[in-house]
S.K.: 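Could you have a look at this structure, given as structure tokens, before my questions?
Computed from a prediction, not measured in an experiment: that's the story for all the values here.
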Amino acid sequence: MKIVGFLQHNWAIIARSHGESFIVFFSDTVGVFDWILVEDRTQAEQALLRNGFERYADGSELASAVPRPRGDFRLSEHPSGRIYSSGRYWSDPS
């Protein structure tokens, strides 16, 4: 989870599909607005931390202050487009 504004957060999960790993980005309303292909889970976790995301764990101080988004994932557009995969708000050292 990354705080991006007053009461606004961007969320990310690491997912696998057809043998590939992705970081999937979604909003507080569970709208998926971007994704990035990564080599593996370790690379994904390091990249998320490097780019200002915090690990969200139930029972943590963060979880007590910010509720986890609920609902079904759906495709959605971000007002600024695909902000992470475009590189605009994503640092990739490779």
S.K.: Near R88 CZ, under 6.0 Å, is it more than 12 heavy atoms from other residues, nucleotides or ligands?
M.R.: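 Enclosed.
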
S.K.: Rounded at 0.5 Å granularity, tell me how far CG in L48 sits from CD1 in I14.
M.R.: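 Interatomic distance, L48 CG to I14 CD1, rounded to 0.5 Å: 5.5 Å.
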
S.K.: Tell me if the OH atom of Y89 is crowded by more than 12 foreign heavy atoms within 6.0 Å.
M.R.: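 No, not enclosed.
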
S.K.: Membership question, hydrophobic clusters at under 4.5 Å side-chain separation (ILVMFWY): are W11 and W35 in the same one?
M.R.: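 Result: yes, single cluster for both.
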
S.K.: Assigning hydrophobic clusters by single linkage (Ile, Leu, Val, Met, Phe, Trp, Tyr; side-chain heavy-atom cutoff under 4.5 Å), is V66 placed with F26?
M.R.: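 V66 and F26: one cluster.
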
S.K.: Taking the side chain from Y56 and the backbone from R68, do they hold a donor-acceptor pair closer than 3.5 Å?
M.R.: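 A pair under 3.5 Å: yes.
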
S.K.: Using every non-hydrogen atom in the two residues, find where G31 and S76 come nearest and quote the distance to one decimal.
M.R.: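 Distance-wise, the nearest heavy atoms are CA-CB, 3.6 Å.
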
S.K.: Report the distance from atom CG of N10 to atom CZ of F33, rounding to the nearest 0.5 Å.
M.R.: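 One gets 3.5 Å once the value is rounded to the nearest 0.5 Å.
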
S.K.: Say you draw a straight line from CH2 of W90 to CD1 of I83; how long is it, rounded to the nearest 0.5 Å?
M.R.: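 Spacing of CH2 (W90) from CD1 (I83) equals 10.5 Å.
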
S.K.: Does any N or O in the side chain of D28 come within less than 3.5 Å of the main-chain N or O of H9, such that one atom is a donor and the other an acceptor?
M.R.: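 Such a contact is found between D28 side chain and H9 backbone.
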
S.K.: Give me the atom names and distance for the closest heavy-atom approach of A63 to A57.
M.R.: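 Looks like CB-O, 3.3 Å.
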
S.K.: Between K2 and N51, is there a donor-acceptor pair closer than 3.5 Å when you use the side chain of the first and the backbone of the second?
M.R.: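 Pair found, side chain donor or acceptor close to backbone of N51.
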
S.K.: Check the pair F53 / I23 against side-chain contact (heavy atoms from CB on, under 4.5 Å), numbers first and verdict last.
M.R.: CA-CA 12 Å; F53 282 79; I23 302 173; over 6 Å; no

S.K.: L37, V24: one ILVMFWY side-chain cluster at the under-4.5 Å cut-off?
M.R.: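 Same hydrophobic cluster.
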
S.K.: Keeping the roles fixed (side chain from D34, backbone from F25), state whether a donor-acceptor pair exists under 3.5 Å.
M.R.: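 Between the backbone of F25 and the side chain of D34 there is no qualifying donor-acceptor contact (under 3.5 Å).
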
S.K.: Answer yes if L7 and V30 sit in the same cluster of Ile, Leu, Val, Met, Phe, Trp and Tyr residues linked by side chain heavy atoms under 4.5 Å apart, and no otherwise.
M.R.: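 Per the 4.5 Å side-chain linkage, L7 and V30 are not co-clustered.
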
S.K.: Between R55 and E45, is there a side-chain heavy-atom distance shorter than 4.5 Å?
M.R.: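 A side-chain contact exists here, since the closest heavy-atom pair is under 4.5 Å.
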
S.K.: With clusters defined by side-chain heavy atoms of hydrophobic residues (ILVMFWY) lying less than 4.5 Å apart, directly or transitively, does Y84 cluster with F22?
M.R.: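 No: no chain of side-chain contacts under 4.5 Å links F22 to Y84.
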
S.K.: Can you tell me how far CG of L62 sits from CD of E54, rounded to the nearest 0.5 angstrom?
M.R.: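 E54 atom CD to L62 atom CG measures 5.5 Å (nearest 0.5 Å).
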
S.K.: Rounded to the nearest 0.5 Å, what separates atom CD in Q43 from atom CZ in R50?
M.R.: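 Atom-to-atom, Q43:CD and R50:CZ are 7.5 Å apart.
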
